[in-house]
Amino acid sequence: MKRNKFILMFFVSFIMLIVTGCIYDGPNKTINEVTNKVTNEITQSVVDYNSNVSIEDLEDAVTTATKMVENAVIGVTLKEVKTSNINGKKYTFEDNESVGSGVIYKKVENTSSNGTLSSYTYYCITNAHVILSDDDNDHVVYAYLGDYNTEIKAEVLGYDEKIDLAVIKFDSYYLINPVEFQDISKLEKGQFVIAVGNPDGYDYYGSVTFGVISNLGRFISFDTDGDNTYDYMGEYIQTDAAINPGNSGGGLFTLDGKLIGINSIKLASDKIDNMGFAIPMNIVKVAVEEYLEKGLEIVRPRLGVMIVSLRDMTSEFMISEGITSFPNIYGDEKPYGIYISSFTSSGSLVNKGFHKGDIILEFDGHKLYDSSKLSGCLNSLDEYRIGSEVEITYYCCKTNSVEKVKITLTTGE
C-alpha cells in the first residue's frame, strides 16, 4: 500500500487495546482486580466484572465487545479504472489495486417524499494510503459489507496523508450501528483491547485479535512527500496485536466496544515481533469531524526553525556549530532542550526575538527532552492549532539567561 514507500521499516497493519491490566497466574487460576462494565447493545444485557473474574468471564467480555463493533468494521477497496478495445468496441472495467479496512462512525437516515425511511448514509474512517494510488490513473473507492457480500461505490470526502486518515461515505439499505468514540485520556499501559479488520484481504474479513496496550504516546517520523526527508512526526498507541496488510484503517477497541484508535502501521524487522501502532482517537476525532468530513485541508502550525535536541547532538554537529559547552542553567539535571540551528522564511518563531543558538526548554509547560514532544504537539490538532497562544521557556544566547515569551502559532513553509 502507498505509505510503504514512506516508511522504510514499517508495513501496513492494524492493532488492539484496552480495559485494565489483568494477570493470568496459570491454569485454573483467576484474573484478579479487573473492573469493567460491558454493555451489549445488541441484547441490552449488562455484565459487571468485579474481582475474582474467571477466564470464562473475560472471554464473555471479549465476545460481547466483538458483537457490538464487528458490523461497523467494513472493507475498503481501491480499484483502478481501465479501458480496452475488443473487436472494435471500447470496454471499461475495474481491477482491485488495494484492499483495507474502515470503521463506520456516523449514520444519517434518508427519507422518501412521503416521509418513510428509504436508506442510510454512512460515514467511514480509513487510512489515507488505503484510498490513494501511486499513479495518476482513474480510480474508484468501494465500501465492502462482508456480512452481506455487498460492494457499494463510495465517495471520498477528504484525506490527510500526514496523519494517514481519510473519510468516505456511501449509501445502503442495510442497518449498521456506528461505533462510539472513547476518551483516551484515561487509558493505561497494559489494558486489554481488541482489533478488528481484514488481514490479507476479504478471505479473512472481520478478523478479531486480542491484546494489550504496549505503550501510549509513541512518536514515529515519516517522509510523507517523498523527498527523502522526514517532514512529519505522529503520535501513536503501541500494541502487541498481530497485524497484517489489509488491517489498515480497522479499529482498535476497548472491551466495552469503544473505538480508541485507527490501525495504521507495524514495525517490521527480523528481530521484532508484534509491534503495531494505531492513530489515537483524540487526533482522529478532531481531524475527521472538523476537517476531513467537511473536505477541508488540514493546515498545521509551524515554528519556522531547524532544530536539534541537545541529547541527540553529535560531536560533528557541535564542532560545526562551534558549541564547546552547554549553558550553566541545569543544576544537577542532565542538559535538555531543543537547539535552534537556523530559521526558515516564515513561522511562529520567525522575527519574534529568537536567535540561532537559543535553546527551547519548555513548550507550553512541556519540558522538551527531545524533539518528539514538540513535533507531536504541533501535528496532533488536538491541543494546538493555528491561532493558539502558547508560552515558550527558552535559553537566550544573547543575554545568557532563561526567558519566557508568549507567541501565537502560525503556519510556515
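Both backbone and side-chain heavy atoms feed into the values below; hydrogens, waters and symmetry mates do not.
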J.: Once rounded to the nearest 0.5 Å, what's the spacing between atom OG of S372 and atom CD1 of I220?
T.: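 CD1 of I220 is found 11.0 Å from OG of S372.
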J.: Between L132 and Y159, does a side chain to side chain contact (heavy atoms under 4.5 Å, CB included) hold up when you go through it step by step?
T.: CA-CA 9 Å; L132 295 178; Y159 63 86; 3.8 Å; yes
J.: Will you find, in the side chains of Y232 and S375, an N or O donor that is under 3.5 Å from an N or O acceptor?
T.: no
J.: Under a plain distance cut-off of 3.5 Å, with no hydrogens placed, do E293 and Y123 share a side-chain donor-acceptor pair?
T.: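 No, E293 and Y123 have no side-chain donor paired with an acceptor closer than 3.5 Å.
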J.: I need the minimum non-hydrogen distance between L175 and K107, along with the two atoms involved.
T.: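 That would be CD1-NZ, 3.6 Å.
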J.: Checking the side chain of S119 only, and the main-chain atoms of S172 only, is there a donor and an acceptor separated by less than 3.5 Å?
T.: no
J.: Compare every heavy atom of F253 with every heavy atom of I260, then report the nearest pair and how far apart it is.
T.: CG1-N, 4.3 Å
J.: Test your reading of the model: is there a side-chain donor-acceptor pair from T126 to the backbone of G102, 3.5 Å cut-off?
T.: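 Looks like no, no N/O pair under 3.5 Å.
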J.: Nearest 0.5 Å please: distance from the CD atom of E391 over to the CD1 atom of I407.
T.: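 Those atoms lie 10.5 Å apart.
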J.: Counting only N and O atoms by type, is there a donor-acceptor contact under 3.5 Å from the side chain of S380 to the main-chain atoms of I283?
T.: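 Checking the backbone N and O of I283 against the side chain of S380, no donor-acceptor pair under 3.5 Å is found.
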J.: Using a cut-off of 6.0 Å, state whether more than 12 heavy atoms not belonging to Y148 lie near its atom OH.
T.: yes
J.: Just so I know, are the side chains of L303 and L409 near enough to count as touching, which here means a heavy-atom distance under 4.5 Å?
T.: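 Yes; the side chains approach each other to less than 4.5 Å.
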J.: Are any of the side-chain heavy atoms of I298 and L292 separated by less than 4.5 Å?
T.: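 Answer yes - side chains close enough.
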J.: Once side chain to side chain donor-acceptor pair (under 3.5 Å) is applied, do any residues pair with D171, and if so which ones, sequence neighbours excluded?
T.: T121
J.: Once the angle between the rings of Y384 and H366 is folded into 0 to 90°, is it parallel (under 30°), tilted (30 to 60°) or perpendicular (over 60°)?
T.: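 Geometry flag for H366 against Y384: perpendicular rings.
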J.: If we ignore angles and hydrogens, is there a donor and acceptor under 3.5 Å between the side chains of S118 and N110?
T.: no
J.: How many angstroms lie between CG in L378 and CD1 in I386, if you round to the nearest 0.5 Å?
T.: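 Atom-to-atom, L378:CG and I386:CD1 are 10.5 Å apart.
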J.: Roughly how far apart are F343 CZ and N351 CG, rounded to 0.5 Å?
T.: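 Output value for this atom pair is 8.5 Å.
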J.: For E289 and K294, work out which heavy atoms get closest and say how close.
T.: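 Answer, listing the atom of E289 first, then K294: O-CE, 3.5 Å.
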J.: Do Y105 and F181 have side chains that get closer than 4.5 Å, going by heavy atoms?
T.: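 Heavy-atom side-chain distance check passes, below 4.5 Å.
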J.: Sub-3.5 Å donor-acceptor pair from the side chain of S98 to the main-chain atoms of V130, do we have one?
T.: yes
J.: Could you tell me if the side chain of I340 sits less than 4.5 Å from the side chain of I338, heavy atoms only?
T.: no
J.: So, Y144 side chain and T150 main chain: donor-acceptor pair closer than 3.5 Å or not?
T.: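 Between the backbone of T150 and the side chain of Y144 there is no qualifying donor-acceptor contact (under 3.5 Å).
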J.: Any donor-acceptor pair under 3.5 Å linking the side chain of R311 with the backbone of P335?
T.: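 Present.
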J.: Looking at Y394, I want to see if its OH is surrounded by more than 12 non-hydrogen atoms of other residues, nucleotides or ligands under 6.0 Å.
T.: yes
J.: List the steps, then state whether side chain to side chain contact (heavy atoms under 4.5 Å, CB included) holds for E151 with T77.
T.: CA-CA 9 Å; E151 195 172 60; T77 309; 4.1 Å; yes
J.: Is there a donor-acceptor pair closer than 3.5 Å between any side-chain N or O of R300 and the backbone N or O of N379?
T.: yes
J.: Do N400 and Y395 come within less than 4.5 Å of each other through their side chains, counting heavy atoms only?
T.: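 N400 vs Y395: side chains touch.
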J.: A quick test of your reading: do over 12 heavy atoms of other residues, nucleotides or ligands sit less than 6.0 Å from CD of E389?
T.: yes
J.: If I take atom CG from residue N177 and atom CD1 from residue I104, how far apart are they, to the nearest 0.5 angstrom?
T.: 9.5 Å
J.: Side chains of K153 and V141: does their closest heavy-atom pair fall under 4.5 Å?
T.: no
J.: Roughly how far, to the nearest 0.5 Å, is CG of N198 from OH of Y205?
T.: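 Output value for this atom pair is 6.0 Å.
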J.: Yes or no on side chain to side chain contact (heavy atoms under 4.5 Å, CB included) for I307 and S341, after CA distance, side-chain angles and deciding distance?
T.: CA-CA 6 Å; I307 56 177; S341 63; over 6 Å; no
J.: Establish, from distance only, whether the side-chain atoms of D164 and S264 form a donor-acceptor pair under 3.5 Å.
T.: yes
J.: Donor-acceptor pair, distance only, cut-off 3.5 Å: does the side chain of S388 make one with the backbone of R385?
T.: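 Yes, S388 side chain to R385 backbone: donor-acceptor pair under 3.5 Å.
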J.: Find out whether K106 and V167 are in side-chain contact, i.e. whether some heavy atom of one side chain is under 4.5 Å from a heavy atom of the other.
T.: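 In short, these two side chains do not touch, never coming nearer than 4.5 Å.
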J.: Could you pull out the closest heavy-atom pair between I262 and N127, with the gap in Å?
T.: CG2-ND2, 3.8 Å
J.: For a quick test of reading the model, state the closest non-hydrogen atom pair linking V196 to N263 and the distance between them.
T.: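 Closest pair (atom of V196, atom of N263, distance): O-ND2, 4.4 Å.
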J.: Extract all donor-acceptor atom pairs below 3.5 Å that involve side chains of residues 319-329 and protein atoms in other chains or at least two apart in sequence.
T.:
from	atom 1	to	atom 2	distance (Å)
S320	OG	E316	O	3.4
S320	OG	F317	O	2.6
E321	OE1	Y339	OH	2.9
E321	OE1	K356	NZ	2.5
E321	OE2	K356	NZ	3.4

J.: Specify the closest pair of heavy atoms between L368 and Y336, including all atoms of both residues, with the distance to one decimal.
T.: O-CD1, 3.6 Å
J.: If you look only at pairs with a residue in residues 357-383, which of them pass as a salt bridge (Lys or Arg N to Asp or Glu O under 4.0 Å), with sequence neighbours excluded?
T.: E333-K367
J.: Would you please test H139 and E97 for side chain to side chain contact (heavy atoms under 4.5 Å, CB included) and show each step?
T.: CA-CA 9 Å; H139 293 81; E97 182 167 316; 2.7 Å; yes
J.: Could you check whether any side-chain heavy atom of I125 comes within less than 4.5 Å of a side-chain heavy atom of L165, counting everything from C-beta outward?
T.: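 Yes - at least one pair of side-chain heavy atoms lies under 4.5 Å apart.
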J.: Check the pair D95 / K82 against salt bridge (charged side-chain N to carboxylate O under 4.0 Å, His left out), numbers first and verdict last.
T.: CA-CA 8 Å; D95 279 349; K82 298 181 178 180; 3.1 Å; yes
J.: Are the side chain of S101 and the backbone of G75 linked by a donor-acceptor contact shorter than 3.5 Å?
T.: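 Not confirmed, S101 side chain does not pair with G75 backbone.
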J.: Using a 3.5 Å distance criterion without hydrogens, assess whether the side chain of T411 forms a donor-acceptor pair with backbone atoms of P301.
T.: no
J.: Determine whether Q191 and T254 satisfy the following criterion, side chain to side chain donor-acceptor pair (under 3.5 Å), listing intermediate values before the conclusion.
T.: CA-CA 8 Å; Q191 286 183 281; T254 64; over 6 Å; no
J.: May I ask you to decide whether K285 forms a salt bridge with D183, counting only side-chain N to carboxylate O separations under 4.0 Å?
T.: no
